[in-house]
Amino acid sequence: MEEKLIQQRKEKAKKLLEKGVKLYPNDFKPTHRVGEIWAQYGETSEEELLALKKTFCLAGRIVALRRFGRAAFIHFQDATGKLQAYFKQDVLGKEKYEIFKLLDIGDIIGLCGHLFRTKTGELTLLVEDFRLLTKSLRPLPEKYHGLKDIELRYRQRYLDLIVNPISKKRFLKRTKIIQFVRQFLTDREFLEVETPMMQVIPGGALAKPFETYHNALGITLYLRIAPELYLKRLLVGGFDRVFEINRNFRNEGIDIDHNPEFTMLEFYQAYATYEDLMALTEELIPQLADKVLGTKKITYQGEEIDLTPPWRRVDFRGSLKEIGQVSEEILKDPEATIAYAKKLGAKLRPGEGVGKALAKLFEKLVEPKLIQPTFVVGYPVEVSPLARRNDENPEITDRFELFIAGKEVANGFSELNDPEDQRQRFLQQMEMRKIGDEEAHPIDEDYIVALEYGMPPTAGEGIGIDRLVMILTDAPSIRDVILFPHLRPEK
RNA sequence: GGGCCGUUAACUCAGUUGGUAGAGUAUCGGCCUUUUAAGCCGAGAGUCGCAGGUUCGAGUCCUGCACGGCCCA
């Protein structure tokens, strides 16, 4: 049947060619876009429209078509919106109208005419001339229900964007969010840079990398899991405020919050501490929500979330007790902590310490409960190999994570710039690797050399852009905010 | 990796106890010059995800596989 529908359209294409109509011309220049029409004339009265005597040329895809013999209404849309147009044989002449009759929903046309209002008051273009710009050979999904099949929406995102306005709006918001973040940091004299996506030593995070091979150099390279160590080399180089917004790649499972490639903002500020960055984040995200959504109070999957600062701050260890309901007896005894984590299903290898167990307990018992924006501070050294130790308590780091809607949105810390301590941390990670932790941080001697030249005291932070977009656009899955999420190939 | 659910016309979905596969939209033909999920009349359209099995007979029951979703690890 689909073949038949395509065949019918090809027949029409043939008839159009016979009438001398080009199917794929590229010499039509619109004078306006639909969004401009709405912005300028959305409120203009019928009398004023008639008095305008102005011709508008627009271009877009036909998305609805209602024919009545020798007249018809269509809706067409361009990138900026949708508008109704009225085709009349009286106005167009018989010959031109015969061409119009060969058009289908999905065709892209250019059309020129005057604006008026219909009986019901809808702003409409009375078409005085039109051209076919692109013949569409396949039928679009249904107009009323749109495209619901989740798999098709991901595999053929272009169809999703054509027929599902929510989806289109979400991606427009995504772009605005990234633009705002870029502007916010640039205004504060952060320098946007680009660092390697292909790295010899995949560092800066605890995750499994993708591997690739460079033929000319004859070496294995890894797609980056984070830009961190390169950005900090730039701090050594004297760029004292830098940021990068780009893709990271992690070779792990796909689920509602994870895509193998995802977009990360990382920024570093010299002479700042993790507390300064919490303050900065507390400015950035509410301003962003205001700018893009027009409010600081949002709803995520039915939960009201208030982004108005100040945000709650809790101590990592304290949160386990108060939010995670882990007893003091367990928390004060490393053995008991490890046993409890295992009891709750955490896979801990022999030799893995209490820090890891605490992190697992936190993930399980605390994270899902952090719905309102919450900074958690004071993560164990063991799970923070690049973060500066706390001056009072060397077992924890000057690190925070930000949670909103139960999701980890940001991770920041005062940077470890003591090369000797950094080497020790790397060696400790090597021990983890030896006992089978594939996500342990690899040792990067070249990075230590950079630190030995001296990196200024610095604080750095990463913000997961996809998750931030999810929260701000009420998207249930990360796949809803990534244009082309990864799926298994068909067949 | 494990569990549960889904896959029927181009799209959105029904399909009873195992007994000739349906609707709406879209498409095609007819009427129709202010409709807007236009309307009225008529028509065509299916590898029921794939492969096996049980059965006189399978969209429906069983097994395996593929793809997707959710949950768990």
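Proteins come first, then strands; the chains are lettered A, B, ... in the order of their sequence lines, and each starts at number 1. Since the structure is predicted, the reported quantities are computational estimates derived from the model, not experimental observations. Atoms considered below: every heavy atom in the structure, side chains included; atoms not considered: hydrogens, waters and symmetry mates.
Partners of Gln156(A) according to the side-chain hydrogen bond (donor to acceptor under 3.5 Å, both in side chains) rule, which considers only residues two or more places apart in sequence or in another chain, are Tyr158(A). Considering only residues two or more places apart in sequence or on other chains, Phe400(A) meets the ring pair (Phe, Tyr, Trp, His ring centres under 6.0 Å) condition with Phe375(A). Scored by the salt bridge (Lys or Arg N to Asp or Glu O under 4.0 Å) test, Lys54(A) finds no partners at all (sequence neighbours excluded).
Ring stacking holds between Phe73(A) and U35(B), with the centres under 5.5 Å apart and the planes within 30 degrees of each other.
Residues from residues 111-118 of chain A lying near RNA chain B, meaning a heavy-atom separation below 4.0 Å, are Phe116(A), Thr118(A) in numerical order. For RNA chain B, the residues of residues 154-165 of chain A within the heavy-atom distance limit of 4.0 Å (strictly under) are Tyr154(A), Arg155(A), sorted by number. Proximity of residues 472-487 of chain A to RNA chain B (heavy atom under 4.0 angstrom from any strand atom) is restricted to Arg479(A), Leu487(A).
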Short heteroatom pairs, N/O only, protein and nucleotides 22-25 of chain B, under 3.5 Å:
| residue | atom | partner | partner atom | Å |
| --- | --- | --- | --- | --- |
| G24(B) | N2 | Glu142(A) | OE2 | 3.3 |

Expected rows: protein N/O vs nucleotides 71-73 of chain B N/O, under 3.5 Å:
| residue | atom | partner | partner atom | Å |
| --- | --- | --- | --- | --- |
| A73(B) | OP1 | Lys364(A) | NZ | 2.5 |
| A73(B) | O3' | Gly345(A) | O | 3.0 |
| A73(B) | O2' | Lys347(A) | NZ | 3.1 |

Could you go through residues 98-110 of chain A and list every donor-acceptor pair under 3.5 Å that involves a side-chain atom there, pairing it with any protein atom two or more places apart or in another chain?
| residue | atom | partner | partner atom | Å |
| --- | --- | --- | --- | --- |
| Asp104(A) | OD1 | Lys12(A) | NZ | 2.4 |
| Asp104(A) | OD2 | Lys135(A) | NZ | 2.8 |
| Asp107(A) | OD1 | Lys135(A) | NZ | 3.3 |
| Asp107(A) | OD1 | Ser136(A) | N | 2.8 |
| Asp107(A) | OD2 | Asp104(A) | N | 2.8 |
| Asp107(A) | OD2 | Lys135(A) | NZ | 2.7 |

Run the side-chain donor-acceptor check on residues 337-347 of chain A: report pairs under 3.5 Å with partners two or more places apart or on a different chain.
| residue | atom | partner | partner atom | Å |
| --- | --- | --- | --- | --- |
| Thr337(A) | OG1 | Ile330(A) | O | 2.7 |
| Thr337(A) | OG1 | Asp333(A) | O | 3.0 |

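Sorted by first then second residue, the salt bridge (Lys or Arg N to Asp or Glu O under 4.0 Å) pairs that include residues 17-44 of chain A, not counting sequence neighbours, are Asp27(A)-Arg131(A). The disulfide (SG to SG under 2.5 Å) analysis of residues 35-127 of chain A, with sequence neighbours excluded, yields the pairs Cys57(A)-Cys112(A).
Annotation: Met198(A), atom CE; neighbour count of heavy atoms from other residues, nucleotides and ligands within 6.0 Å does not exceed 12.
Between U33(B) and G42(B), the two C1' atoms lie 23 Å apart (nearest whole Å).
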